[in-house]
Amino acid sequence: MENKKFSKATDAVWAGEDNPYFKGAVTTPIVNSVAFAYKDLDEWYDVSIGKADGFIYSRNTNPTVASLEEKIRVLEGAEAATAFATGMAAISNTLFTFLKPGKRVVSVKDTYGGTSKLFLDFFPAYQVEVKLCETENHEELEYEIAKGCDLVYLETPTNPTLKIIDIKRIALAAKKIGAVVVVDNTFATPINQNPLDLGADLVLHSATKYLCGHSDAMGGVLAGSRELVKQVFHFREINGASLQADPAYMIARGMKTLELRISRQNESAMKIAKYLNGHSKVSQVFYPGLETHIGHEIAKSQMRGYGGMLSFALDGGYDLVEKFLPSLKLVHLAASLGSVSTLAGPPRTTSHVELTEEQRALLGIPESLIRYSVGIESVDDLLFDIEQALRKI
Ligand SMILES: *Cc1c(COP(=O)(O)O)cnc(C)c1O
């Protein structure tokens, strides 16, 4: 048994959960203790300097949070993992750990809104040189990396048009010059994609989305080599963006069904994308599982499933979106994604609200675009719902 490599479905349930717990409890306890006590000063000292296992203070480490970290470590096939209060905390802690004045970062234009704000509004003030390439332009990325940089930051698939970046190819370019490669794997989840296996150095997630999966807790996680994760962990324990035990429990609980949920969402999203792709009232469908999608071949080579996110443009203007969306019965019209319930919204009023129409056009985001996060409902019901709403426009 010892060396058997388990499947993702098994790891999602068991990883980080195999300790004997208090009075034989069969689930991880929520340890809401700020500090941890020791009988004598020698033991306390040994734990303090990392010579012995144990916990000191929950801003640094906590047993419930450690259980979640172990789960994500195993699912991403990493040496180490550490958790944060939110996805943005994971991203900003990672970036601020490696990007000091005088450093250069190469990334893409389509990163998550908050990440893109860090690159455009915050880092220039710290004398960090930021170069954002056209997301699918691999030649431009390679060219900018070869010019020299310290960190390469990728996100694939991207929001909201599901653009795909070849992780292996870009990681290879980064290796040549010794840059650290970080990938935001939120959309794919470790069930569909493992960036570390493709050559990335660090992988991170907004655990708020698919990992938690129920829209009821926020968190972030980072996984990679012991050496790199330790550096970010050290910054996080000092700046204080730590995850608390309660949301850590909720996220780890959600993760036990991650493989089940993602399998269903992969399947349903594919069916919905195919249905929309042939519809007369839909002008464009963005889903990496469609053979017509520009990144399909790369997605096929680096993903095990194409995910539960898709977007589509109605054949007309924003007025159609205003009619269509409120007609849907089985969706929350809300921000966020990756939950058990289907959720939809237009980038024009949510993720990309701060951009002008021209800026959205430059990113290839039509005004009539709808982002649709497929839940775990019956796909027949979702298709019925979309069909009746399309009939109303
Ligand atoms: C939501 C999201 C984030 C930010 O995560 P929070 O938990 O909201 O801070 C980062 N990246 C991606 C791709 C996301 O969807």
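Note that ligands are numbered from 1 as they come in the structure, with each ligand's atoms numbered from 1 the same way. We number each residue from 1, following the sequence as shown.
- We find the CD-CG distance between Gln284 and Leu276 to be 12.5 Å, quoted to the nearest 0.5 Å.
- Of all atoms in ligand 1, listed by their number and element, those nearer than 4.0 Å to a heavy atom of Glu155 are 13 (C).
- Nearest protein heavy-atom contact of atom 9 (O) of ligand 1 is Met88 N, 2.8 Å.
- Considering both main-chain and side-chain atoms, Ile91 never comes within under 3.5 Å of ligand 1 through any nitrogen or oxygen pair.
- Closest protein heavy atom to atom 5 (O) of ligand 1: Ser206 OG, 2.9 Å.
- Regarding atom 4 (C) of ligand 1, its nearest protein heavy-atom neighbour is Tyr112 CE2, 3.4 Å.
- A salt bridge is absent between Arg360 and Glu357; no separation between the charged side-chain nitrogens and carboxylate oxygens falls under 4.0 Å.
- For atom 14 (C) of ligand 1, the nearest protein heavy atom (residue, atom name, distance) is Lys209 NZ, 2.9 Å.
- Below 3.5 Å of separation, one finds an N or O of Gly87 facing an N or O of ligand 1.
- Residues Arg261 and Val340 meet the side-chain proximity criterion, which asks for heavy atoms closer than 4.5 Å.
- Considering CG of Asp246 and CD1 of Ile251, their distance stands at 11.0 Å, rounded to 0.5 Å.
- The aromatic rings of Tyr38 and Trp44 sit parallel to each other, their planes meeting at less than 30°, with 60° as the upper class boundary.
- Among protein heavy atoms, atom 8 (O) of ligand 1 sits closest to Met218 CE, 3.8 Å.
- Taking any N or O of Thr208, backbone or side chain, at least one lies under 3.5 Å from an N or O belonging to ligand 1.
- Remark: Glu134 engages Lys109 in a salt bridge, criterion side-chain N to carboxylate O under 4.0 Å.
- Sorted by first then second residue, the ring pair (Phe, Tyr, Trp, His ring centres under 6.0 Å) pairs that include residues 264-294, not counting sequence neighbours, are Tyr275-His279.
- Only the side chain of Asp184 comes within contact range of ligand 1, with a heavy atom under 4.0 Å; no backbone atom does.
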